[in-house]
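The structure under discussion appears below in the form of C-alpha cells.
Along the sequence shown, residues carry numbers from 1.
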Amino acid sequence: MIRMSLNPLLPCCLLTLLLSACAQEQPSATGTSDSGSSTVDDVKPLVNRVLTQEEQAELTPDQVLTLLKEGNQRFVAGTLTARDHSKLVREAALGQYPKAVILSCLDSRIPVEDVFDRGIGDIFVARVAGNFENTDILGSMEFACKVSGSKLVFVLGHESCGAIRGAIDGVELGNITAMLANIKPAVDHFKNYEGDQTSQNPEFVKMVTKQNVLSTIDRIRTNSPILKEMELQGDIKIVGGIYNMDTGEVTLLED
C-alpha cells in the first residue's frame with residue numbers, strides 16, 4: 001500500500017481558501033459614502049425625506065400614479081425601500097403633504113403603505129371593509145385633496161374579500177348588515193348573470209369585486225362635487241385597482 005505524507009500546513013491552507021471563497025459569494029454589506037468609498041460604518045437606513053409643500057405642488061397626478069406603480073413593483077419583488085422611520089417621524093411632525101389618498105379594505109393582509117412602498121407622510125389611507133365610500137370618507141378625501149394638496153384618489157379592492165362575499169350571500173349580522181348594503185349595488189349590477197350568483201362562484205366574486213371598485217369611483221364623482229371639479233381641472237385623478245392576494249401585485253382598472 002502506498003502511503004502519502006501530507007504537509008501539516010496543507011489543511012490550514014485549504015480551510016483558508018474555502019473561507020475566502022465563501023466570503024466572496026456573500027452580498028456586500030457595505031454602504032457607499034458621499035465620497036464614493038465603502039465602509040461598514042457607512043451602512044445606514046435610506047432616508048426618504050418627508051415631502052415639502054413645494055415639492056408636493058410640483059407633482060402631477062400622473063407622476064404620483066407612476067410612483068405608486070413603481071412602489072408596487074418593488075413590493076412584489078421584495079425590494080422595499082429601507083427607511084429611517086425615527087428621522088421621518090420627527091420630520092413629519094412639522095407638517096404633512098401626502099401625494100395621494102387611498103381607500104382600502106379593512107383586510108389585515110393588505111399593508112397599504114408597504115403595497116406601494118410609501119413611508120411616513122407619503123399617503124393618506126382610509127380603510128373600511130369592502131372599500132366603499134360614505135360621507136365621512138368623502139369628507140376625508142376632500143380634506144386630503146382640496147385642503148392638503150394630494151394629487152390622487154385611489155380605490156383599492158382585493159381578491160378573496162370577505163365583505164364582497166358577505167354582500168353576495170346576503171349576510172345579516174348586527175351592524176354588518178347595514179355595512180354590506182353599501183356593496184349591494186355592485187352585486188345587483190349582475191342580476192341578469194346566468195351563472196351561480198353565490199360566493200362559491202369565483203368568477204362571480206371577481207366580477208362583483210371589480211364592479212364594486214368602479215361603482216365606488218362613480219359615487220365619489222357623483223357625491224363629491226369638489227373632487228369631481230378637481231378631476232375635471234386636472235388637479236387630481238381618481239383611479240382604482242385590484243390587489244392580487246397571491247402575488248401582491250396591484251392591477252389598475254379601466255373606468
Side-chain angles (χ1 to χ4, degrees), residues 61-62 64-78 80 99-118 122-134 137-138 140-141 144 150-169 171 179-180 182-191 193 195-222 227 231 236-255:
D62 284 331
V64 174
L65 184 56
T66 296
L67 289 171
L68 294 187
K69 289 179 181 178
E70 292 172 349
N72 182 239
Q73 290 172 358
R74 292 192 294 275
F75 175 72
V76 172
L80 287 176
K99 303 175 181 72
V101 53
I102 298 175
L103 171 57
S104 171
C105 182
L106 187 69
D107 200 296
S108 65
R109 298 167 293 178
I110 308 170
V112 180
E113 283 84 356
D114 282 350
V115 166
F116 294 105
D117 194 16
R118 297 295 101 197
D122 266 344
I123 56 175
F124 289 107
V125 179
R127 304 193 70 149
V128 62
N131 46 267
F132 60 85
E133 93 304 333
N134 58 20
I137 289 176
L138 285 174
S140 298
M141 289 178 171
S150 293
K151 303 301 179 73
L152 188 73
V153 174
F154 197 120
V155 180
L156 181 63
H158 70 95
E159 297 179 340
S160 305
C161 180
I164 296 292
R165 293 176 180 272
I168 289 174
D169 292 341
V171 170
M179 181 191 72
L180 295 181
N182 292 280
I183 307 172
K184 203 73 170 77
V187 180
D188 295 340
H189 183 83
F190 299 104
K191 60 184 178 182
Y193 175 71
D196 177 19
Q197 297 187 30
T198 72
S199 64
Q200 300 305 307
N201 181 356
E203 179 187 30
F204 189 66
V205 173
K206 184 176 181 179
M207 291 164 56
V208 174
T209 299
K210 177 180 178 180
Q211 184 58 44
N212 184 54
V213 170
L214 296 176
S215 295
T216 298
I217 291 173
D218 286 341
R219 290 193 301 269
I220 290 172
R221 290 172 176 146
T222 299
L227 296 176
E231 186 178 37
I236 66 169
K237 268 194 170 183
I238 304 174
V239 300
I242 301 293
Y243 176 84
N244 186 307
M245 298 295 283
D246 292 322
T247 67
E249 182 179 6
V250 174
T251 301
L252 287 178
L253 299 180
E254 298 293 334
D255 282 338

Given the rule in the side-chain contact (heavy atoms from CB on, under 4.5 Å) test, do L156 and N131 qualify, once you have shown the distances and angles that lead to the verdict? CA-CA 7 Å; L156 181 63; N131 46 267; over 6 Å; no
Just jot down the salt bridge (Lys or Arg N to Asp or Glu O under 4.0 Å) partners of D196, sequence neighbours excluded, or say none. none
Determine whether a donor-acceptor pair (N or O, by modelled atom type, separation under 3.5 Å) exists between the side chain of N182 and the backbone of M179. yes
Just jot down the salt bridge (Lys or Arg N to Asp or Glu O under 4.0 Å) partners of D169, sequence neighbours excluded, or say none. none
Could you tell me whether the side chain of V112 reaches within less than 4.5 Å of the side chain of I123, counting heavy atoms only? yes
Determine whether V115 and I102 satisfy the following criterion, side-chain contact (heavy atoms from CB on, under 4.5 Å), listing intermediate values before the conclusion. CA-CA 11 Å; V115 166; I102 298 175; over 6 Å; no
Among all residues two or more places apart in sequence or in another chain, which pass the side chain to side chain donor-acceptor pair (under 3.5 Å) test with S215? Q211
To the nearest 0.5 angstrom, please state how far the CG atom of L252 sits from the CD1 atom of I242. 10.5 Å
Heavy atoms, side chains only, cut-off 4.5 Å: are F132 and I183 in contact? yes
Just wondering, do L80 and F75 contact through their side chains at under 4.5 Å, heavy atoms? yes
Residue pairs, two or more places apart or on separate chains, that pass salt bridge (charged side-chain N to carboxylate O under 4.0 Å, His left out) and touch residues 102-113: D107-R109
Given side chains that start at C-beta, do those of I137 and V128 come closer than 4.5 Å, heavy atoms only? yes
Partner residues of R165 under the salt bridge (Lys or Arg N to Asp or Glu O under 4.0 Å) criterion, sequence neighbours left out: none
Qualifying residues under side chain to side chain donor-acceptor pair (under 3.5 Å), relative to S140, sequence neighbours excluded: none
Look up atom CG in N212 and atom NZ in K184, then write down how far apart they are to the nearest 0.5 Å. 12.0 Å
Measuring only between side-chain heavy atoms, which start at C-beta, is I110 closer than 4.5 Å to R127? yes
Mind checking whether I168 and Q197 have side chains closer than 4.5 Å, heavy atoms only? no
State, yes or no, whether a side-chain contact exists between F154 and V250 at a heavy-atom distance under 4.5 Å. yes
Under the 3.5 angstrom rule, does the side chain of S150 hit a backbone N or O of L152 as a donor-acceptor pair? no
Test salt bridge (Lys or Arg N to Asp or Glu O under 4.0 Å) applied to R74 - qualifying residues, sequence neighbours left out: D117
Does K210 have any side chain to side chain donor-acceptor pair (under 3.5 Å) partners at least two apart in sequence or in another chain, and if so, which? none
Close side-chain approach of F204 to I164, heavy-atom, < 4.5 Å: no
Tightest non-hydrogen contact, residues N201 and Y193, listed as ND2-OH, 3.2 Å
Applying side-chain contact (heavy atoms from CB on, under 4.5 Å) between V213 and each of L103, L253, V239, report the one that passes. L253
For a side-chain contact (heavy atoms from CB on, under 4.5 Å) check, start with the C-alpha distance between L227 and R221, then their side-chain angles and the critical distance, and finish with the verdict. CA-CA 6 Å; L227 296 176; R221 290 172 176 146; over 6 Å; no
Just verifying a value: how many Å separate R219 CZ and E133 CD, rounded to the nearest 0.5 Å? 4.0 Å
With sequence neighbours excluded, tell me which residues meet side chain to side chain contact (heavy atoms under 4.5 Å, CB included) with S108. none
Please answer whether the main-chain N or O of N72 pairs with a side-chain N or O of E249 as donor and acceptor at a distance below 3.5 Å. no
Residues in side chain to side chain donor-acceptor pair (under 3.5 Å) contact with K206, at least two apart in sequence or another chain: none
In chain order, what residues pass the side chain to side chain contact (heavy atoms under 4.5 Å, CB included) check against K99, with sequence neighbours excluded? L51, L59, V64, L67, R118, D122
Does the pair K237 and E231 meet the rule for a salt bridge (Lys or Arg N to Asp or Glu O under 4.0 Å), with working shown? CA-CA 6 Å; K237 268 194 170 183; E231 186 178 37; over 6 Å; no
Could you tell me which residues satisfy ring pair (Phe, Tyr, Trp, His ring centres under 6.0 Å) with Y243, sequence neighbours excluded, listed by chain and number? none
Where do A129 and C105 come nearest, in terms of heavy atoms and distance? CA-SG, 3.9 Å
